[in-house]
Every structure is written in C-alpha cells, then in structure tokens.
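Okay, handing you the structure first.
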Number of protein chains: 2
Amino acid sequence: MNDLAFDLRSCSNCPIRHRAVCAKCEPDELSRLEEIKYYRSYEAGQPVVWAGDQMDFVGSVVTGIATLSQTLEDGRTQMVGLLLPSDFLGRPGRAIAPYDVTANSDLMLCCFRRKPFETMMNETPHIGQRLLEMTLDELDAAREWMLILGRKTAREKIASLLSIIAHREAALQQSSPHDGSSFDLPLTRESMADYLGLTLETVSRQISALKRDHVIELKGKRKVIIPDFEALIEETGDDADGGMLV
Amino acid sequence: MNDLAFDLRSCSNCPIRHRAVCAKCEPDELSRLEEIKYYRSYEAGQPVVWAGDQMDFVGSVVTGIATLSQTLEDGRTQMVGLLLPSDFLGRPGRAIAPYDVTANSDLMLCCFRRKPFETMMNETPHIGQRLLEMTLDELDAAREWMLILGRKTAREKIASLLSIIAHREAALQQSSPHDGSSFDLPLTRESMADYLGLTLETVSRQISALKRDHVIELKGKRKVIIPDFEALIEETGDDADGGMLV
DNA sequence: CCTGCCAATTGATCCTGATCAAAGTAGATA
DNA sequence: TATCTACTTTGATCAGGATCAATTGGCAGG
C-alpha cells in the first residue's frame, strides 16, 4: 500500500500491473513471466476456484473486487480479505488454505500458473523478497482490521472502512485522499457488514447517521463524497501518532 | 504451527530453537548465525524496544509470553499478536511498524542483530523462503482471529482461545491435545479480554460458565483441564470441514 | 497472625447493536 | 409504462455484553 509507485513500473501489458513482479525484473525474466501468464474472468457472485489440475494459479486483480471469507457452522460469515485492483491473490510455495474466495463484482484476474511461478520465485530472489514484503503488508492490514473488529464502535467501523477505501482508491491514482475526495463504494451494505462484523441494518443506519452529521455526502446509493477528510479520520477513533516499534 | 517437528531441528544451543533458521542451514551458515546471536531478558510488564542504534534486532521467544497490541485514542486496546515460546519476532527487510510490544510475563528472547541477519537472508535463499512461510502462517492465524473477533459470541471466543492455547502447548511437546489435556493459562483475564475484544468481567463469567457446564475444569485460577476435547471444539462454533481453497 | 495488594468473581443495571418486520428505491425486462 | 427483483432504508423490540460496584481469594511481607 505504501510504495505503489514503485510497484507500478511496467512489466506486462496488464491494465493494472502485477504488484509482485515488476520493479527489478530483467527483460528475460519478464518474457518468462509473459509465457506463463493468462487471464480469467468471473461474474459477480461466482466462486473463484484455483486449485485442481490445470487451474492452479496465483495472480492479481485487474478489475473488480474479490473477497476471502470464512464461515461458521451455522452460517455466520466474516470477510478476512478484500482484494481490490492491483492486489495479489495466492500463496506461492504454501499449502492451500480453507477460505472461500468469491468474485464480489464482475472480476478479471491476471494469473500465472503456480508451478512455473514458484520455480521462478526460487530462481529469482528479488521476486521472493517482494512477496515477503507484500505478505508483511497484508499482515499489517489484517492487524489494523483486528483492532477495528475487536474494539471499535459501529460508527467508528464505518468511518474506518470509508477511510481505507478512500486511501486505496487514491493510491490507484497515485495520489492521497483530500477534502472533496469521492469514490464509488465497491461493496454492498451486506459485504460491508461482513467486513466489519456488523449486520447490514447497522451499516445502513450508521451511514445514514454520518450523512446526517455531514461527515460524508452520498450521490445515489453508491457514490461517496468526503467533504472534510480530517473530520472522517476523527470519526475512526484511531490514535494520530502510532505506538512503539516493530 | 504445522511443521514444528521440521522446525525444531537443532541449529543453535537455544533451549527452544529458532523457527526461522534451522532446517536447511549448512554448518558454516549456522556458525555465522551463532556469531550474531545474543540473549535479552525482560520483566513482566516491560516494553520490548527493538529499534535504535545497537539494539535493532529480530529474534524468537525462548521462554515467557510477549504480545503485540494497538491502542485507540481513548485507551481501548486490542491485542493483535501473541508470541509464545518458539515464535519469531521482527520484520527483516521491512520498516518498523506501530505496535506496542510488551513482555506479558518474564520473558527471554534469543536475538539476531538485524543488519547482519538481513544480509544473511539475502545471501541465503532458504532463510528468506522460510520467513515467507512463517509470515503466511501468521497471516492465517490473523484471519482465524478476525473470524473470532467479528462473528463469535463471548462463550465461543473463550472456547476458541482455550483450544488455540491447548494446541500450541501440545505442539511444543510435539503432540496433539487430547481428552484430559491440561495446561497453565499463560494470560490474565485482562489479557484474554484484550485478545478477544471483550471485557475482563465477561471473560471471567464465561470461564465460570464453561466450568459450570463441565466443558473445562480449573485447578486454582490458572491450571485448565479439558476433560473432553471434542466437547470444547463444539463450543467454538467452528465449521468442522473448511471452505474452499487458497 | 494480620495487612495490603492484585487478580478474579459475582451482582445489578444500562446501552449498543442484533433481530424481526415493513416499506422505499432503482435498474432491468417485458 | 408496468412489473419484478435486488438492494437499501427505517422502525420497534430484544438481548448480549459493557459498565459500575462490591466482594472474594491468594499470596507476600511485616
């Protein structure tokens, strides 16, 4: 999330470049990557299966939204990963894991076949290093998410999610969110609820409340405008200056 | 958490071996690691600082418990990482991050100075690979934790935590939890509350309830006995067979 | 033994967000 | 234009866990 400019150096003809495999690749490495690259599309609601013969792959999101989620015995579900354009999907060198991966909108993935990608990773240290960095970033995001789930009120949860999405959308344009920033909410109320550990009714109510209090404005159901970004941050409950060091 | 037997192959004289740097190291690599290795102790409650000149390090827990936590503006805190003996601490090759690291009991760390460790990691691909695997495992644990925080009831949260600790304790003995398993709770009620996103009163009440319902037995305040491990798993709400694949 | 201290337990009450229910809105299709 | 469907909003009520408060238990030090 930090060094996106670094990541977006061209290495393929994807509309959105692969975050994993760009910055330091030599020309011959790039052409090897091109060889094992292909695209897959999914319709909204479709599960993303990526194991089994001939379809083992890793890759990244070109357009659309995918989610990882886990479900309890009685059907309660919690989203545990949100994949927006440019995010990487897959666990090279690691066993598959029990998450449901779903296309949350029409989705286009740019994929690499797993085995040759892993081979290349082993022969090309900087790709492995880049994957480690990305995984550490994902871990940081997961920990921020844990704070949201465990200790924030419903209103703070909504404000936090809006702030996260605003930052992500801005990063794709290589900028930062600012007063007057606007974006399309890529998630339904229900998906937001699954992200935040709430019900969809609570999500709806809190969005209405933030609108009433002029923290956000809505154009239609999906378009969000943030008139004063600082005011939104206030609502997240986050500490302005972080804690100690890792 | 899975391939602990693999990780515990001797590579140093640590009572608990470093998970990161064992299995594939050659003798000369091991002696290089020995050179940059040292120990640090902390008292219960002490912050673990590991940045600044001369004290930049990564390492692993030998004895005791350390926690990573994050705090909101008004003091609400959420634990986002729990480090038990054999767990690795630090982010080689990555910027420091804003977590509070605290010794939750008397704590002994086995440390490597950061710079030489990073150098070695870059020159020794299998160490980097091992770190990637470990980080992916941590990410899985974080996602399980997110499900707990977002969707489980207080009783399910307690049962889940007990199950996790039972598994960890058993893994250190290279076995699995079984009927009659017992262990010392390494956390206070307050720490358990910070882990689970509850208050300490709720933790206490739910533990009492589980005891009343004969799901667990207590010897003193800290020693827990699980008479029927299957019954405890039932209480976690988890789906017996996982979902799809990553 | 008593005292002080801290962790844990238990009780009473309150409040946030869940649940159940109904109505509104927009886009797609005929 | 009318209808259908999926998504969203809003209302009324309920319950799980938070909060505030008092008590208990264990242990170290005098």
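We name chains A, B, ... by the order of the sequence lines, and we start the count at 1 in each one.
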Aromatic ring pairing Trp145(A)/Tyr195(A), orientation class (parallel under 30°, perpendicular over 60°, tilted between): parallel
When rounded to whole Å, the CD to C1' distance for the pair Glu156(A) and dT16(C) reads 12 Å
Rounded to whole Å, CG of Leu185(B) lies from P of dA8(C) at a distance of 9 Å
Could you check whether Gly197(B) gets within reach of a base, just the sugar-phosphate, or nothing at all, counting any heavy atom under 4.0 Å?
sugar-phosphate
**Asked** Between the side chains of Ser160(A) and Ser163(A), is a donor N or O closer than 3.5 angstrom to an acceptor N or O?
**Response** no
The correct set of residues in residues 205-226 of chain B placing a heavy atom under 4.0 Å from DNA chain C is Arg205(B), Ser208(B), Lys221(B), Arg222(B)
message = Is Thr202(B) close enough to dA18(D) that one of its side-chain N or O atoms is under 4.0 Å from OP1 or OP2 there?
response = yes
_N/O donor-acceptor pair, side chain Glu201(B) with base dC20(D), under 3.5 angstrom_ = yes
The residue, Leu187(A) or Arg151(A), whose nearest nucleotide of DNA chain D is more 5′ is Leu187(A)
Interatomic distance, CD@Glu144(A) vs OG1@Thr236(A), rounded to 0.5 Å, equals 9.0 Å
Query raised in the report: Ignoring hydrogens and geometry, is there a side-chain-to-backbone donor-acceptor pair from Glu217(A) to Lys211(A) under 3.5 Å?
Result: no
Here the distance between atom P of dT16(C) and atom CZ of Arg76(B), to the nearest Å, is 12 Å
### Query
Less than 6.0 Å separating the ring centroids of Phe229(A) and His167(A)?
yes
In whole angstroms, the gap separating P of dA7(C) from CE of Met192(B) amounts to 15 Å
(message) Can you tell whether the side chains of Asp74(B) and Arg151(A) come within less than 4.0 Å, N to carboxylate O?
(response) no
Separation of dC20(D) atom P from Leu200(B) atom CG, nearest Å, is 13 Å
Output for pair (Leu72(A) CG, Thr77(A) OG1), nearest 0.5 Å, gives 8.5 Å
Between NZ of Lys157(A) and P of dT16(C) the distance, given in whole Å, is 14 Å
Rounded to whole Å, the CZ-P distance (Arg189(B) to dG26(D)) equals 13 Å
- When all nucleic acid strands are considered with a 4.0 Å heavy-atom cut-off, which category describes Thr188(B): base, sugar-phosphate, or nothing? sugar-phosphate
message: Under 4.0 Å from OP1 or OP2 of dA18(D): is there any side-chain N or O of Thr199(B) that close?
response: yes
